[in-house]
Amino acid sequence: MTETLPTLLVTGFEPFGGDTVNPSEIVAAALHGSVVEAGTRRARVVAQRLPCAFGDARARLAAAVDEWRPVAVLALGLAAGRAGLTPERVAINLADARIADNAGAQPRDEPVAAQGPAAYFSTLPVKAMVAAMREAGVPAELSLSAGSFVCNELFYGLMHQLAASGPAGCRGGFMHLPLLPAQAAGPAGLRPSVALELQVAGVAAALRAVLAHERDIAAAGGQIA
Ligand code: PCA
């Protein structure tokens with residue numbers, strides 16, 4: 001008999017913007033079904049693939065949260081050019097797209113939620129996640145903002161849902177991943193990349209930190225500018 005464990009919902013995006021792969025969906029799929037352990041706490045990862053489309057991604061994540069009633073949600077996405085795995089601190093109430101999403105939509109200066117607050121903070125222990133990833137030998141850094149494209153919209157939409165309707169106690173957040181080595185060379189020259197195995201190990205370490213830390217650790221961080 002399989003043990004019924006609490007669920008950690010991990011999402012990844014389909015490819016977008018001309019790329020043929022998106023590490024976020026590959027990493028999420030690699031962790032699907034795995035058991036995360038931190039001390040006496042255990043949880044099972046459920047992975048969900050999301051379309052890279054404004055509105056649609058949010059709606060699918062909201063449905064998955066309602067279905068799985070997870071203890072925590074970690075949404076993943078690709079940020080080409082980042083040199084490591086970067087938990088995001090803030091989701092902003094702004095959709096401003098430089099490129100069209102996969103459904104052809106390109107919102108400009110629109111709120112994600114008309115009556116919503118300007119921003120939400122991640123309720124995941126972002127500094128503990130960075131520390132855990134670094135201890136696992138994975139390049140990681142705290143990031144302030146997830147931008148203003150589909151990833152930020154998803155992050156904001158998730159936090160808006162959790163603030164309004166739960167599930168009670170469910171924590172949520174977003175982490176951007178770097179390119180895979182095979183994607184590193186492009187018209188703009190070489191961009192930073194991290195091997196898939198390290199990305200998977202990093203997200204697994206971050207999930208252990210989520211289970212281990214109800215509250216974030218006190219550590220120096222932030223950005224000067
Ligand atoms: N990255 C994009 C959307 C999907 C993804 O993986 C972003 O950073 O908004």
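Treat the numbers as computed from the prediction; the structure is a model and nothing was measured. Counting starts at 1 for both ligands and their atoms, in listed order. Residue numbers run from 1 in the order of the sequence given.
A donor-acceptor pair shorter than 3.5 Å cannot be found between the side chains of Glu141 and Thr86.
Proximity to Phe149 (heavy-atom distance under 4.0 Å) selects the following atoms of ligand 1: 2 (C), 3 (C), 7 (C), 9 (O). Ligand 1 places these atoms under 4.0 Å from at least one heavy atom of Gly77: 6 (O). Heavy-atom contacts of Asn22 reach the following atoms of ligand 1: 5 (C), 6 (O) (cutoff under 4.0 Å). Heavy-atom proximity to Cys52, at under 4.0 Å, picks out these atoms of ligand 1: 3 (C), 4 (C).
When atom types are taken as modelled, the side chain of Asp96 and the backbone of Ser148 share no donor-acceptor pair closer than 3.5 angstrom. In this structure, Arg171 contributes its side chain and Val210 its backbone to a donor-acceptor pair below 3.5 Å.
For Cys151, heavy-atom contacts with ligand 1 shorter than 4.0 Å involve the backbone as well as the side chain.
Using a 4.0 Å cut-off between charged nitrogen and carboxylate oxygen, Glu214 and Arg41 count as a salt-bridge pair.
A side chain to side chain contact (heavy atoms under 4.5 Å, CB included) with Phe16 is found for exactly one of Ile99, Val150, Asp101, namely Ile99.
Taking a 4.0 Å cut-off on heavy atoms, His176 registers as neighbouring ligand 1.
Around atom CD of Gln223, more than 12 heavy atoms belonging to other residues, nucleotides or ligands sit under 6.0 Å away.
With respect to atom 1 (N) of ligand 1, the closest heavy atom belonging to the protein is Leu78 O, 2.9 Å.
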